[in-house]
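Values below: all heavy atoms of this structure, side chains included; hydrogens, waters and symmetry mates excluded. Keep in mind it's a predicted model, so treat the numbers as computed, not measured.
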Amino acid sequence: MTRSNSRRELLLGAAALAGTAALPRTAKAQARGRIVVGTWGGDYARLLNKNIEVPILIRDGWEVVQDQAGDPERRSKMIAEQRLPRGTSDVQGLSALNMFQMQDAGTVMAIDYGKLRNAPNLLPAMKYPYGVGHIYSGKVGVYNPKLIGTAPVSYKDVFDPRHGNKLGIIDIQYQYTLVCAALAAGGKVNDIEPGKKLLLECKNAGMRIYPTNEAFAQGLKSEEFGVGVMWKARVVQWQNAGIPVAAVAPTEGTLAYISGFVVPKNAPNKEGAYAYLDAMLEKSAQEAFAIDMGYNPTVTNATVAPDLNKRIGFTPDEIRKLVDLDYDYMNRNDVAFKEWWDKVLKS
């Protein structure tokens, strides 16, 4: 059984159960020590603080400091620091692909699941040897029904040059966008050349490129554009905020997204790192992320209300059709992909 198929089956089980710019320190120094968390900014950083750091870790006596930056910058920093006996972060939030990349680069340590009290509740598919899955969702088509008369049903419908400047993509999500475009153009997760060609056609037709998820949301809200791809979880947030957006699981199969944490080999506070990993798997934290951010829990003891699960989750058929990245292929070609994205697509 492949890891991809295994993950689909394990998520099916979960569906059945469900029905460096740093922020100010979030607490004064405490006796238990300091945990430095590498993370994206924006909503994710805010909700880490709200749902994990303040109610669990800080209350328990830890001091938590967020080191916010994009994942390319944080990954570069991890590699630059790997020869140092003592790094500058204790845990790093990354996508499943980026966790693989950092493992391949030799920067992260193996996870000892025996040190995590909540490990028995963790879905086996989220137990990477080198990282722990925190939340998951999928890359769906998104559209404003007011601006897009015919609802898209596939990635091919989304990445249609005929949309012109009504199509928007996100700069920081170049890896997943390239793969979605490849699937739209008849390519595969390990053959994105057709996707590059399609994206250039869309660019020439007027496609908009937004720097961040938040900027993309603002563009949707102001009706600058009307169609694109995004994590289903984010769509739920935007709907809650009154943004007119709908989501569709593409017929090619939804590209899965898993966000998790790794521990650098030279983390200054490994005890604190394990405390953070355990805290993020707490039932209360996982349930809060489902409500606040629309991501699916990675633990089996989290309870998601049926109406919320209908909005953030996937049907058994959609889960069976989830598409995994080819981590090795993306890792080997990531530098070239980013160079093409910056120098060709964005030029």
Side-chain angles (χ1 to χ4, degrees), residues 21 23 39-51 68-71 95 135-178 180-181 184 199 202-203 205-250 254-255 257 259 288-296 307-314 341 345-346:
L23 284 178
T39 180
W40 303 272
D43 293 330
Y44 189 60
R46 176 178 61 82
L47 294 175
L48 289 176
N49 182 258
K50 174 180 179 287
N51 297 328
Q68 297 181 10
D71 62 78
S95 70
I135 50 179
Y136 81 90
S137 188
K139 197 77 158 174
V140 296
V142 299
Y143 67 102
N144 181 336
K146 176 181 175 182
L147 300 179
I148 306 299
T150 302
V153 298
S154 62
Y155 288 136
K156 183 178 180 180
D157 288 347
V158 170
F159 291 97
D160 187 334
R162 289 180 296 180
H163 290 308
N165 65 4
K166 293 304 180 184
L167 169 62
I169 61 173
I170 302 171
D171 185 23
I172 63 172
Q173 293 192 14
Y174 71 95
Q175 295 161 320
Y176 288 87
T177 302
L178 280 166
C180 288
L199 284 172
C202 292
K203 171 192 173 181
M207 178 180 72
R208 300 173 185 267
I209 303 178
Y210 292 87
T212 64
N213 301 336
E214 289 76 17
F216 184 88
Q218 186 57 42
L220 273 174
K221 184 177 182 179
S222 63
E223 300 184 353
E224 285 181 351
F225 74 102
V227 65
V229 291
M230 188 51 178
W231 316 126
K232 189 176 185 180
R234 287 277 183 162
V235 178
V236 175
Q237 293 179 61
W238 296 341
Q239 290 170 338
N240 291 342
I243 297 175
V245 60
V248 58
T254 304
L255 189 60
Y257 174 77
S259 178
F289 260 89
I291 294 169
D292 291 344
M293 204 170 186
Y295 279 84
N296 295 277
D307 58 337
L308 178 59
N309 186 59
K310 185 176 180 179
R311 295 178 67 201
I312 72 174
F314 297 90
W341 182 274
L345 186 66
K346 291 170 57 180

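Within a 6.0 Å sphere centred on NZ of Lys221, other residues, nucleotides and ligands contribute 12 heavy atoms or fewer.
Judged purely by atom type and a 3.5 angstrom limit, Asn296 uses its side chain to pair as donor or acceptor with the backbone of Ile312. Within the 3.5 Å criterion, the main-chain N or O of Glu224 finds a donor-acceptor partner in the side chain of Arg208. A distance-only check finds a donor-acceptor pair linking the side chain of Lys203 to the backbone of Leu345 [under 3.5 Å]. Using a distance-only test at 3.5 Å, with no hydrogens or angles considered, no donor-acceptor pair links the side chain of Gln239 to the main chain of Ala246. When atom types are taken as modelled, the side chain of Ser137 and the backbone of Ala233 share a donor-acceptor pair closer than 3.5 angstrom.
A distance of 9.0 Å separates CZ in Phe216 from CD1 in Ile169, rounded to the nearest 0.5 Å. Here the OH atom belonging to Tyr143 is positioned 11.5 Å from the NE2 atom belonging to His163, to the nearest 0.5 angstrom.
Tyr155 meets the ring-ring contact (aromatic ring centres under 6.0 Å, His included) test with no other residue; sequence neighbours excluded. Phe159 pairs by the ring-ring contact (aromatic ring centres under 6.0 Å, His included) definition with nothing, not counting sequence neighbours. Take Tyr176 and apply the side chain to side chain donor-acceptor pair (under 3.5 Å) test, not counting sequence neighbours, and it matches no residue. For the side chain to side chain donor-acceptor pair (under 3.5 Å) test, residues two or more places apart in sequence or in another chain that qualify with Asn213 are Gln173. Judged as a salt bridge (Lys or Arg N to Asp or Glu O under 4.0 Å), and not counting sequence neighbours, the contacts of Glu214 are Arg234. Residues forming a ring-ring contact (aromatic ring centres under 6.0 Å, His included) with Tyr210 (at least two apart in sequence, or on another chain): Phe225.
For the pair Trp231/Val142, no side-chain contact is recorded, criterion being any heavy-atom separation below 4.5 Å from C-beta on. Two residues are said to be in side-chain contact when any heavy atoms from C-beta on lie closer than 4.5 Å; Ile170 and Met230 meet this criterion. Within the 4.5 Å cutoff, the side chain of Pro250 has heavy atoms near those of the Thr254 side chain.
Scanning both residues, Leu199 and Trp341, for their nearest heavy atoms gives CD1-CZ3, 4.1 Å. What you find for Leu308 and Ala290 is that their closest heavy atoms are CD2-O, 3.7 Å. A pairwise comparison of heavy atoms in Pro161 and Ala205 identifies O-CB, 3.3 Å as the closest pair. Summarising the geometry of Leu255 relative to Cys180, their closest heavy-atom pair is CD2-SG, 3.9 Å, with the distance given to 0.1 Å. Nearest heavy-atom pair across Pro211 and Ile172 is O-CG2, 3.2 Å. Closest approach of Ala247 to Val140, counting heavy atoms only: CB-CG2, 3.9 Å.
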Going through the checks in order, is the side-chain contact (heavy atoms from CB on, under 4.5 Å) test met by Phe289 and Ser259?
-> CA-CA 12 Å; Phe289 260 89; Ser259 178; over 6 Å; no
Set out, in order, the CA-CA distance, both residues' side-chain angles and the distance that settles side-chain contact (heavy atoms from CB on, under 4.5 Å) for Tyr295 and Leu47, then state yes or no. CA-CA 12 Å; Tyr295 279 84; Leu47 294 175; over 6 Å; no
message: Show, in sequence, the C-alpha distance, side-chain angles and deciding distance for Asp157 and Ile148, and conclude whether the side-chain contact (heavy atoms from CB on, under 4.5 Å) test is met.
response: CA-CA 11 Å; Asp157 288 347; Ile148 306 299; over 6 Å; no
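Salt bridge present: Asp43 and Arg46 bring a charged side-chain N and a carboxylate O closer than 4.0 Å.
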